[in-house]
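What follows is a set of notes on a single structure, which appears directly below.
Any value given below was found using the heavy atoms of this structure, including those in side chains, with hydrogens, waters and symmetry copies removed.
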Amino acid sequence: MRYLPLTDTDREDMLARIGVPDIDALFSDVPGGKLLKAPLDLPRTKGELEVERIMARMSAKNTAASAVPFFVGAGAYKHHVPATVDHLIQRSEFLTSYTPYQPEIAQGTLQYLFEFQTQIAALTGMEVANASMYDGSTGTGEAVLMAHRVTRRRKAVLSGGLHPHYTEVVKTLSEMANDDVVALKADVSASEDILSQIDDSVSCVVVQSPDVFGNLRDLKPIAEKAHAHGALLIAVFTEVVSLGAVTPPGAQDADIVVGEGQSIGNALNFGGPYVGLFAAKSKYIRQMPGRLCGETVDADGQRGFVLTLSTREQHIRRDKATSNICTNSGLCVLAFTIHMTLLGQAGFTLLAEVNHANAVKLADALAGVTGVTVLNETFFNEFTVKLKKPAAEVVEVLAAKGILAGVPVSRLLPHAGLDDLLIIASTEVNTDEDRAALVAALVEVL
């Protein structure tokens with residue numbers, strides 16, 4: 001990429017055209033506490049070789065997830081990804097492809113997007129699915145906006161079990177659109193009275209299951225109450241593997257289902273890119289954001305695939321668009337589709353069973369540790385424990401011992417008074433030795 005320097009006059013002309021007095025005005029919507037008070041303490045210039053050496057020294061300080069017993073979850077999970085997945089997605093026709101606007105030269109891309117949609121519809125128990133969102137959190141924000149369009153209301157109720165990052169994304173989008181958000185307080189025990197929040201002013205109710213603390217939620221009563229008041233139920237998940245074991249949201253009468261698909265085919269990758277999953281009832285298909293691939297036939301009657309019902313801002317007038325999501329997580333989608341195809345229905349179900357069994361083993365073992373209380377009555381592969389010491393401190397001590405023990409709730413909710421809670425995940429990659437090491441380390445630390 002070329003470096004194109006600007007003169008002071010260039011900058012003044014651009015600011016004048018935009019209609020703002022200075023650069024700071026461009027960032028007026030960013031909370032003051034999030035802005036840097038001074039430039040970062042970095043040298044102005046360094047040679048490429050010097051930069052590589054500095055970055056290599058910094059990266060060497062990281063502990064790789066595969067190098068130690070790893071129990072971190074809370075929205076991003078370590079699973080085994082078959083070598084076949086990475087091998088196939090690195091083929092040039094997949095790795096370098098982009099927007100499939102011309103179906104006559106993009107049948108391969110369109111077909112795997114169509115197959116992906118089919119898989120997501122089957123997993124969630126919904127009638128239609130799109131060709132992915134950026135990730136689960138932005139997908140949740142788009143689902144709320146979609147519910148507002150469908151109901152012509154502007155108020156969303158968010159469960160206290162919704163992942164805090166997802167909640168913040170919804171709040172940010174809603175603030176920009178002057179929409180109302182009722183975010184219930186953190187609900188560790190899944191005992192909140194969310195039904196009392198639903199009335200005729202509510203557009204949608206957003207509930208996560210398994211929730212951020214690991215609890216499974218019964219969505220049927222919430223769906224019934226929401227529908228009685230003309231509102232929609234948006235069901236959220238962060239661990240797609242759970243759909244191999246629990247009742248899918250579609251079978252619980254959810255209207256929109258959205259979640260994170262990173263667990264299948266996609267490694268942790270320092271936080272991304274990930275793959276947002278989005279499905280809905282077919283009657284809402286024209287209000288769905290993102291891309292939708294459809295199956296058709298050509299002039300010779302042969303099966304083919306096209307982009308259809310394109311209501312994104314790149315296709316129609318911006319004021320008529322359902323979303324400004326301009327692309328989909330194509331390569332991540334392909335990785336998901338390949339991995340899911342390799343697993344098949346039986347393999348996916350078995351994977352879910354192994355995940356749950358591993359988490360049960362760990363929860364049972366931790367329940368016998370003095371100073372540890374398992375809080376969940378139900379869970380899939382993730383649960384919350386209460387420690388007799390601040391969880392963040394315990395995690396740091398265990399990290400120094402070569403064990404990544406989980407996510408302190410205080411990291412997600414720093415001012416909620418839940419500093420002694422730790423969210424722990426155990427997937428198929430954890431061994432009996434890993435679990436024993438965590439238990440032994442907690443016995444020693446606590």
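- A salt bridge links Lys401 with Glu444: the closest approach of a Lys/Arg side-chain nitrogen to an acidic carboxylate oxygen falls below 4.0 angstrom.
- Taking OG1 from Thr337 and CG from Leu113, the interatomic distance works out to 7.5 Å, rounded to the nearest 0.5 Å.
- From Phe237, atom CZ reaches atom CG of Leu243 across 5.0 Å, with rounding to the nearest 0.5 Å.
- Taking the charged nitrogens against the carboxylate oxygens, Arg154 and Asp179 do have a contact shorter than 4.0 Å, which makes a salt bridge.
- Gln90 contributes a side-chain N or O that, together with a main-chain N or O of Asp86, makes up a donor-acceptor pair within less than 3.5 Å.
- Atom NE2 of His80 and atom OG of Ser263 lie 14.0 Å apart (nearest 0.5 Å).
- Listed here is the closest heavy atom pair of Arg291 and Gln117: O-OE1, 4.1 Å.
- Annotation: side chain of Lys388 is not in contact with side chain of Asp420 (no heavy-atom distance under 4.5 Å).
- Using a 4.5 Å cut-off on side-chain heavy atoms (C-beta onward), Val439 and Val369 make contact.
- In this structure, Val445 and Glu393 have side chains that are not in contact, with every pair of non-hydrogen atoms separated by 4.5 Å or more.
- Across all their heavy atoms, Val68 and Gly402 have their closest contact at CB-O, 3.1 Å.
- Counting only distance, with no hydrogens or angles, the side chain of Thr378 and the backbone of Asn215 share no donor-acceptor pair below 3.5 Å.
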Steps toward side-chain contact (heavy atoms from CB on, under 4.5 Å) verdict (Leu418, Val188)
CA-CA 9 Å; Leu418 303 173; Val188 179; 4.1 Å; yes
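- Scanning all heavy atoms of the two residues, the minimum distance from Asp255 to Leu233 falls at OD2-N, 2.8 Å.
- Side-chain N or O atoms of Thr96 include none that pairs as donor or acceptor with a backbone N or O of Glu93 at under 3.5 Å.
- Between Leu422 and Pro408, the closest side-chain pair of non-hydrogen atoms falls below 4.5 Å.
- The shortest distance between side-chain heavy atoms of Phe336 and Ile120 falls below 4.5 Å.
- Remark: the Thr238 side chain and the His163 side chain contain no N/O donor-acceptor pair separated by less than 3.5 Å.
- Under a 4.0 Å N-O distance rule, the pair Arg217/Asp211 qualifies as a salt bridge.
- Between Val241 and Tyr77 the shortest side-chain heavy-atom distance does not fall below 4.5 Å.
- In terms of modelled atom types and a separation under 3.5 Å, the side chain of Asp10 and the main chain of Thr7 share a donor-acceptor contact.
- For the residue pair Ser59 / Asn62, no side-chain donor-acceptor distance below 3.5 Å is found, with atom types taken as modelled.
- A parallel orientation is assigned to the rings of Phe380 and His356, their planes being inclined by less than 30° (bins at 30° and 60°).
- Separation of atoms OH (Tyr274) and OG (Ser329) is listed at 12.0 Å; rounding is to 0.5 Å.
- In summary, the side chains of His79 and Glu428 do present a donor paired with an acceptor at a separation below 3.5 Å, with no hydrogens or angles considered.
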Run the side-chain contact (heavy atoms from CB on, under 4.5 Å) check on Leu184 and Leu158 step by step: do they pass?
CA-CA 6 Å; Leu184 304 186; Leu158 311 185; over 6 Å; no
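- Rounded to the nearest 0.5 Å, atoms CD (Glu115) and CE (Met340) are 13.0 Å apart.
- For Ser174 (side chain) and Val181 (main-chain N/O), no donor-acceptor pair under 3.5 Å exists by modelled atom type.
- Under a cut-off of 6.0 angstrom, the local environment of CD in Glu104 is crowded, with over 12 non-hydrogen atoms contributed by other residues, nucleotides or ligands.
- Put simply, the side chain of Arg435 never gets that close to the backbone of Ala365: no donor and acceptor are under 3.5 Å apart.
- When side chains are defined from C-beta on, Ser189 counts as touching Asp187, because their heavy atoms get closer than 4.5 Å.
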With side-chain contact (heavy atoms from CB on, under 4.5 Å) as the test, would you mind laying out the steps for Leu421 and Val385 before giving the verdict?
CA-CA 6 Å; Leu421 301 187; Val385 299; over 6 Å; no
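- At most 12 non-hydrogen atoms from other residues, nucleotides or ligands lie less than 6.0 angstrom from CZ of Arg411.
- With hydrogens and angles disregarded, no donor-acceptor distance shorter than 3.5 Å links the side chain of Asn381 to the backbone of Ala425.
- In the displayed structure, Met176 atom CE is contacted under 6.0 Å by more than 12 heavy atoms of other residues, nucleotides or ligands.
- Under 3.5 Å, the side chains of Asn430 and Asn358 contain no donor-acceptor pair of N or O atoms.
- Residues Glu192 and Ser159 have side chains that bring a donor and an acceptor to within less than 3.5 angstrom of each other.
- In this model, a donor atom of one side chain and an acceptor atom of the other lie less than 3.5 Å apart for Thr341 and Gln119.
- When every heavy atom of Phe116 is checked against every heavy atom of Asn130, the shortest pair comes out as CE2-O, 3.6 Å.
- When every heavy atom of Cys293 is checked against every heavy atom of Leu110, the shortest pair comes out as SG-CD2, 3.7 Å.
- Atom CZ in Phe379 sits 10.5 Å away from atom CD1 in Ile424 (nearest 0.5 Å).
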Let's go through Val205 and Ile234 carefully: what are the C-alpha distance in whole Å and the side-chain angles of both, what is the deciding distance for side-chain contact (heavy atoms from CB on, under 4.5 Å) to 0.1 Å, and is it a yes or a no?
CA-CA 6 Å; Val205 185; Ile234 299 174; over 6 Å; no
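- Side chain of Glu260 to main chain of Gln262: a donor-acceptor pair is present (N/O by atom type, distance under 3.5 Å, no hydrogens or angles).
- In this structure the side chain of Phe213 never reaches within 4.5 angstrom of the side chain of Leu375, judged on heavy atoms.
- Closest of all the heavy-atom pairs between Ala399 and Leu404 is CB-CD2, 4.2 Å.
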